[in-house]
Structure formats: C-alpha cells, structure tokens
Amino acid sequence: MGIFKFVLRRLAFGLGALIAISAAIFFVTQGLPADPAKTILGRDATPENLEALRAVLGLDRPLLSQYFGWLADVVRGDFGTSFTTQMSVSTYLGPRFGNSLFIMLVGTILSIPISLILGGYMALKRDSLFDTSSSFTTLVFAALPEFVMGTGLIVIFATTVFQWFPAVVFLEEGAAPWTNPMGVVLPITTLVLGCIPYVSRTMRASMVEVLESDYIEMARLKGVSERNVLLRHAFPNALGPVFQVSALNIAYLVGGAVIVERLFNYPGVGSALTDAIRVRDLPVIQFLSLLIGGVYVLTNLVADVATVLVTPRLRTTLK
Amino acid sequence: MTTEVEGVSKKTSFVASAWKMHRAKIGVAITIIVLAFALAGPFFAPFTATEFVDMPNTAEVPGTLFGTDFLGQDVWSRFLLGGRSILFLGAMSTIIGVLAGAMLGVIAAYIKGSLNSVIMRTFDIIIAFPGILWALLLVSMLGSSSLLIILATVISTVPRVGRIIYGAAVAVVEKDFVSAATAIGESRIRIVFREVLPNVTSTLLVETNLRFTYSIGGIASLAFLGFTSDPTGANWGTMVQENSSAIILQPWGVVLPVIAIALLTIGTGLIGDAFSRVSAGIDRGRND
Amino acid sequence: MEEQDDFIVEVSRRNFVKGTGALAAGLGLAGFSSVGAYAAPMAPKKGGTLKVGIVGGTDDIIDAQYLFKLADVLRLNIGWEALMNYDDKFKPSTEHGLAESVEVKSLTKYVIKMKKGVEFHNGKTMNMDDVIYSWQRMVDPALPGTKALAQYLSPTGVKKIDANTVEMNLLQPNADWLTTLSQYACTVVPVGYTRTGPQVGTGPYKLKSFTPGVESTHVRHANYWDSGKPYLDGVRVINFSSTDALVNALVAGQVDAAIGVPASLVPVVKKNKKLNVLSTSAGKIAPIVLPIDEAPFNDKRVRQALRMIIDRKKIIKQALSGQGTVSNDDFSPIDPNYNANGYVAKQDVKGALALLKAAGYSKEKPLKFTLWTGSDNFPEVAKSFAEQVNSLSGGVAKIEVGIPADFWDTKYMAKNVGAYTTYWNPKPYLVQAGQMLDVYDETHLAPKGTNNPYRKWYEQAIAEPDAAKRRELVKKMQAYHNENGGYIIPFFLNVIDAHSTKVQGLVQRPASLNLDTFGRHFKNVWLA
C-alpha cells in the first residue's frame, strides 16, 4: 500500500468520525430539554422575553432540519452565528483560536525537545540516580490533574510564596498573547509540565529498547564512535513511538487547555467552550467540537505518517 | 486489588514481582495513607461539614487546626470528610468502565466482522474528543448527580480500556489453545470468559490502576469546574475551587485537598507503573 | 399635592445649587466618609484610561436600554444617560440626567424640559424627536422586558411641546413615575437606534470596540454636555470568567477597579495597601422564596417558623463575611416609608419549634424540602440558611440545598420545586412591590385577577397623590406582607467593589449601583 493511499484512507475515516461526533454532540446538546433562551435570560426569562429571544435564535425549527441546515452551512464554509454574542462563529473564535494555538504551540515546542533530551539521557544513564529520580518525578507530574498543578504554580509563583508572575492572563483586545510574556508563563508551564512526563517516559522506554537491540550492538562492535552510535543510529530509531505519544499529547493539550484557560482566565477556545456550554451556545459548541476533533484526527494522521517515514522497517512494508 | 488475581499462579508472581519494586511499596504506602484519611477521616472530624465555626477565610481560629474556609466552616473537618465521595465515585466509575471496556474489547477481539468494526469505530470516535469535554457536555446538560458523574467518567474510560484489551486479546485469540477450545466445541461465551479473560488479566490490572488514577483526576477536575453531586458537602475537588480565591489569606483550604489529590494520584500512579513495568518490561506511554 | 410641590422645589433648588459649582459636590459628600488618600480636595487630573474589571461572558450585550447582567449595566452606564438619576440621598434628581427640570402636573401628566446643547457621540444634537423615539422603543413589545412600562405609557404618550420640552401623559396614575424616569436603563437614544446598529448615546464615553466575553473600549466624548468632564481619555471594561480571576487581577494591578467583589474576598483586597474597598448598602436583597400556595409553605406556621428560627446576624457573618445589615423580612430601606410599622424579626427558636410541632412535624417526620439556588445567585445565603435551620431545629427540619447549572431555566419561578433564592437591587417600596406583583410573581402572594388586599392596597397607593395617605396604604401592605408573605429576607447585602488608590473621585456612600453609581457614568473619576 502506498503512503498516499494510506493517508487518503485515514483522512476518509477522520472525516467520518468528525461527522459522527458533530451529530452526537448536536443531539446531546439540542435533544435535551435545556433551553438556551432561558439560560441566556436568567431571571429575565419572563414568557414574553423568551418568545422574543427564541425567535431571534431560530430555536423554533425542528431538530433534524436544524442539524442538516447546520451541516450544509458548514460545507459551504459558514459556521453560523453565535447565539449569545450574535457574531459569526468564525469572527468570534478566530482570535481565541490564535490565542489557544499560541500556548499549545509554545507548550509543544518547549516540551518535546526537553522530553526527548530528558528521556534519551535517562535511557543512557539507565538505573543511575538521575534515571530513578527523574523517572519518579515525571511519574509524579503525570499523575497530577492540571488544576492541581496550576493551582500549585499559582500558590508558589503568583500569590502566596513569590509574586513573580500574574495569577491571571490579561490580554488587550486584539493583542497577540506574546505581548504579555509574563502573563503566559504560568499557563504554558502548566501545559508543559503536563506533557513532559509522557513524552519523556516514552522516549526513555523506546531508547532503552533501541540501545539494547542487536543493531546498536553491531554498530558498536563495528567500532562506530559512541557519539555517532547515539546521534546517527539510536536517537532516530527511538523516535517512532515518540511521534505517536506527541500526537496524543497535542490532543491532550486541547483538553488540558480547557482547565488551564479557565484557571488563568485565558481567552482561548477552551474557555470559549466552557462558556458556550454554560450558556448552551450551540453553534459555538458545534464548531469547537469539530475543531477539536479535527485537530485530533490531523495530528494523529501526521504522527502516523511521520512514524512510517522515520521507521525504516515500516517504510519498506508500505512501499 | 491483589485478591482478585490470587489463585491464578502466573498472576500471583506478576503481583509479587511488581511488589519487589521500590515504587510499588512507596505507592502502596502513600495510597494507604490517603485512603486512611478518606475512609476513616469522617470519624475524627471535630465539626460537621456545614457547621459555621467562625468568620470565613480565617487561617487562625482558636479551637481549629487549619482555620475556616470560604463559608466559615472548619477546613480540617471538611478535609477529613471530603475524600469519601471522590474515592467512591472514582472507584465506581473505574470498576464499571474497566469491566465494560474489557468486555467490549474481548468481544471485539473474538467476534470478527461488522460487530467488531462497530465497536472499534465507536471507540475511535469517542477517543477523538478529549474525555473532560465529553464529561463537561454531559454533566452541564443533564446535571451533576453522582450517577451522571460516574457515567461521564465511564464514557472516557471504556474505549481506552477497550482498545488496550482488544490488542491484548487479539493476540490471545490467535493462539492455538483458543482454536483448540473452539474445536472441542465450547460455546463462544464460555471461551471468552474461560480462555481469553484470564490471559489478559495482567493488562487489565495495569489498566484498572491507570484508569483509577485518571478517574480520580477527572472527577476532581469536574468538581473544580463546579460539578458535584452534593453542593454543600465536602469534596476535595470542590474545596480547591471554593477556597482558591482567598488563598492569600487562608491557603489551607486549597493546600490540604491539593496535597491529598496529588498523593492519591501519585500513589496509585506508582503502583500502576510498577505493574506496567512488570507486564511490559518497559515503561508505558499515555494512551488517552 | 404637597409631595409634588416639594419635588419641584427640590428640582429647582438643585438646579440653582448646581449653578454655584463646588457647593454641589460638598452637599453630596456631606455625611459620608470619603475613602483613600484624597480626603483633602485635589484638582482632578485629566487623561489616562481606567481599566475596570467585571465578571462577564460571551452572553454580554450592549444595548442603550436593555440588559441581562451586571456587565451590561456597566456598559450601558458608560455610554448612555437617563432623563433623571437618583441623587446621593436616593431622591430623583436632574443633576446627572438629561432633563433640565421635570414638572409634575398630575400623577398622569409630566412636563419635561430637556438640557440644551446635548450632543450625541456622532455629533448630532439631541432633539425632542430623539426623546420621543427613546420612549417609543422602551414600550415597543418587540424589545423584551418592557411590559411593566407599557402599562403606563403608550407609544404616543410622549409629545413634543417646544424645541426643548416634551409632555408625558400616562395611561394610569403612578406616584413613583419620577423613579421610573430615574431608572438608568430609561435612556435617550438617537432616532432609529437599534442594538445591532451604531452604538450612539450622549454619555461621557463613546464605544470604540466590543468583544463579548473579552472586553470593550470606550473613549472620551469630546463634546460632552457637562463641561470639563469627563476627565479620563477612556474606559476599558475587561471581562473575567469568575470573581476569583477578577480579584486576582485587581491584586496583581492588572485592573484599576473591580466591580462586584465577593464579601469573603474583602480581606484579600484589604490586605493590599494600594487598594480601597467600597462596601455600602442601599438595600440590595437576596430573599429566600417560599411559594405560599405550595406545600409545605401553604401552611403559614411553616413560613413563620422558618423566619423565627434563624439568627440573622450569624447568617450575615457566615454568608456575607459581615458585609451586610439585618433586614426584618422587609425591603426598600431607601424608601421614606421603609418598615413603617417598626416590625422586628426576632429570633425565637422555641417558638419556631412549637409552630413546627403544631404543623405536624417532628424528628420522625421532619419538614423536608429543597432550597434551589444558582451559582450566580448568592449560593452562600442558601447554604447558610439551610445550615442554621437544620442545626437549630435539631432534625425537625431538613433542608437540602441544590445548585443546578440550569437553575434559572428549571427551578426559578417553576411550580412545585420547593423553595428557591432570588435577588433584587434597591428600589422604592411601591416599585419593588409592582415588580413582584406584575412581572415576577415569585411568592404567589397576590396573583393577578384576585381580590387580594395586598394588590388592592398597592393599586390604591400607586395612584394616590397624597404622601400621608400613601404612607398609610404602604403600612397596611407591609403589615400584610409580614403576616402572609413568602419572602425570608435575612439581610441587606452590601454592594462591594474595590479599586486602586490611584483611582480618584469615588466616594464610600450608599448607592443603588456598583462603584459609587459607576462614578456617575465615570465622569467623576480620574486617575492620580
């Protein structure tokens, strides 16, 4: 099977999964008795206010026609209008998407090299004090929920012990997140600390396996310098599983971002989603679930292709 | 959890070799300490969970160990009372999730064809969306009763366990003795339970532990976002949320539950790590 | 007709006083302590942008005359002005309003002279057509939330008299109409204004940008009618997802002022020497609602027992960290007729237990119900109330507290769900009673179409021109409410805000809106 066919097949599955997710979410959110109009109005939900708002929101149409109407619009590139902000979903979420992308990208860019080096070094110094203590530490961080880690960072670095960083992120409207470097330190740190354990531990395991393989043994016997053994032979071959885990981590970041953005009041898609769920802003929920599902499907695809490409054994089977 | 597998000699040695590792011992010790606080704590709480003790958010109140929380309630008492519900919900959702996931995984491995792909593709779809978001959607739409919190956690547990067990079971199914059993004429269900399940128990044990760790974290996170079944009762996750704003005045309301959740997840995480090292010979990555 | 004469005198005196400049400010401040480092008068400094933090979400809106949440109230007040305002003693006044004077011809006829030379943000001068359009829009049934107003004013109720005067003819008498004219949401908008069109008003700041759930920016209106004001170049309203995040931002210096600080966080703010707290009460209430026609509350003894058993001071201490004052289940302390009977709600646990026993409740067969509340609806009050009743009754009453995410959707004003909580901002007695009778019938005290005495007295009082006679009617209403009502109102909540000491011009005094009535559209505020 050619790599191209492989990619196509995975893409087709991804698309199908996205449609299934969107349908599931649509009927979960919309099929239930909860009334967005009542939620928006709160105490002002007098009958005449409700009627007026429902008409505005288009909630009087039947369920199936709402779903297919939405799907048809999406195909045309129109994601609808947010119930609550009355802005088009893409205008409303555009800047927030950029904001989330920023912390996730920086989180990934920081965590992956750190993890690879850490994991690789742990494998080299296997069973040393460094290895066992790092392995223990990463295990500890892996177990902690994000809000526990984030709250811990806030206590230590923002409020109680030191006051080095702000406890909440404060972004000027339309301003890019990097204009407030101090503000994004703690949210990004939380994400990075959440990622490093998994990637580094996978790297360590994978590297240990490679280092013990006959192939490395052979290279050493052939007299290849230790430096070359590591950099040219061991390291690249250990990367395969790491791609998989990194892809999972990007998906994890999307979920983690929900908690982190909420904790630090960061204006991203994660906080937009919790907000939208609170007020049952269906078009926003729908779009974000497509987006989050889409990111997941794509990163996994990229990881699979990358794994195939870096792993010589797999590369040949595909050809 | 060890009792479950006793009697199967191969598994006993599995647990025994895990126990040889330092991290297993440390993990068990930590977990037992937290479990002791959570389960026995309620008997030692000096106040009730809702009793008004003194002015809210006061760190030093005579007659209390750690002062008062956001509503003038005793932090120490609420800490002692706040572990049970998380543990209960975590344990319930792990048991249900792992059992259901294992069943579906084994069934999918044994029964080829359309049922297999229906199960596996459904797993893929559920996994294609972060677990916390499924839980959020469900709980915010339907309410946060204990049952729904369990269900929300189970939803993200089942496909992940299912996939792992599927992988393990497929290997077993292809081994000779299953085909031998089929040849003898044993019923399919019998084969699944008698032949396949016992052979994937070590994987199941690792999964159970891992899922318990994540379930605790997930349930605490939901509570942190404001979704609990009992809004007046004490709950470690809710405590963090309720008291985090006054952390400058009164850190204990946050620090105690954070330490407890951290220790609990670390403790079970260490045990799980020991299991998985024995089971796979190498470290495991994250698979959620 | 004494009351009306009084009022006209009041208006003209005020206008006169206003002419003399500094004196007006002096009078306004009398009797109230000023906060911060500006006890000695300083000359206001011009320039700078004030950053105001407030909890808000993507459901925030901007509309000159309509609102859902506190963030909407804030934005409305930055850009728009009503004909009148409450003055610092809660009397309707034209000092900060767009009217020059209001003459009460009768309880159905008002002649309103407008201020001259008021300019809108787009440069257009305000004329009487704008005033007429504004009131037409407010009683337009297509714009939700105007039903209470529409029963007094028809779309043709406002007529132009001359270039600066309109006449308002009501469909029925309303003794509190000047209060309506003072409602901050009864603003003047230019002809043709819509929520989706350009956001144009007369206020000291015009809207520059608005992203719901994130922030809005407002810049100085150069041709503002109150000369020399505003002092600031602009105001930025920044939204936070929770009060925790808001207080964090204030403490970290990321916002200059925080609107709506939870009582339990006041010590957090006070710990910081660079911050001031404004905590005052004008009579905001958070009642517990017992629908009087539903079991178990249809038994009067149950309602009385629940009122008698609680320790109100303790609830204030627990739920409000002491930031409140005791209420005797009555409302509207800003009204001259507040608690005219001098009723005192005394704690009497024994009496309450006797009532519960008489009503057939015991430890074996306790009084059980759920008290519903929303996370944005002072859940602490419900928790504290339930805790008190449960512990003091020794198991004879068992109240459960429920805080569902869809509280407003499924529990508030729903039938037969149990008790629930609500809240009301300070209003004069009859205005509040009218809201409860006609718009939000929470307790089912006097449903429409019934011959209930409370409703009857209300209708007489609102049409009664004589102040003394009106007081007698209000006294009867209050007595009836104390006896039969379904509200338990343990306290008046303080409205609490906080700001950095460099924010000047705000005064610690009772105000109907947050942040010293938002610094009167933020025109009194400056940055040191």
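Keep in mind that this is a model prediction, so the values were computed, not measured. Below, chains carry the letters A, B, ... as their sequence lines are ordered, and counting in each starts from 1.
Atom CD of C/Glu400 has 12 or fewer neighbouring heavy atoms from other residues, nucleotides or ligands inside a 6.0 Å radius. Other residues, nucleotides and ligands contribute only 12 or fewer heavy atoms inside 6.0 Å of the CG atom of B/Leu147. Within 6.0 Å of CH2 in B/Trp252 there are 12 or fewer heavy atoms belonging to other residues, nucleotides or ligands. Heavy atoms from other residues, nucleotides or ligands lying under 6.0 Å from CE of B/Met120 number more than 12. No more than 12 heavy atoms of other residues, nucleotides or ligands lie within 6.0 Å of CZ in B/Phe37, so this atom counts as exposed by the packing criterion.
When every heavy atom of B/Ser244 is checked against every heavy atom of C/Asp244, the shortest pair comes out as OG-OD2, 3.6 Å. Between C/Ser264 and B/Asn57, the shortest heavy-atom contact is O-ND2, 2.8 Å. The two residues B/Phe52 and C/Glu387 make their nearest non-hydrogen contact at N-OE2, 4.1 Å. Between C/Val401 and B/Pro231 the shortest heavy-atom distance is O-CG, 3.3 Å. In this structure, C/Gln318 and B/Pro56 approach most closely via the heavy-atom pair O-CG, 3.4 Å.
Of the atoms belonging to B/Gln250, not a single heavy atom falls under 4.5 Å from chain C. Within the 4.5 angstrom heavy-atom criterion, no atom of C/Pro404 approaches chain B. If you measure heavy-atom distances from C/Lys271 to chain B, the contacts under 4.5 Å come from the side chain alone. Heavy atoms of C/Ser321 lying under 4.5 Å from chain B belong to its backbone as well as its side chain. In this structure, chain C has a heavy atom under 4.5 Å from the side chain of B/Asp54, while its backbone stays farther away.
A distance of 11.5 Å separates OG1 in B/Thr232 from CD1 in C/Ile399, rounded to the nearest 0.5 Å.
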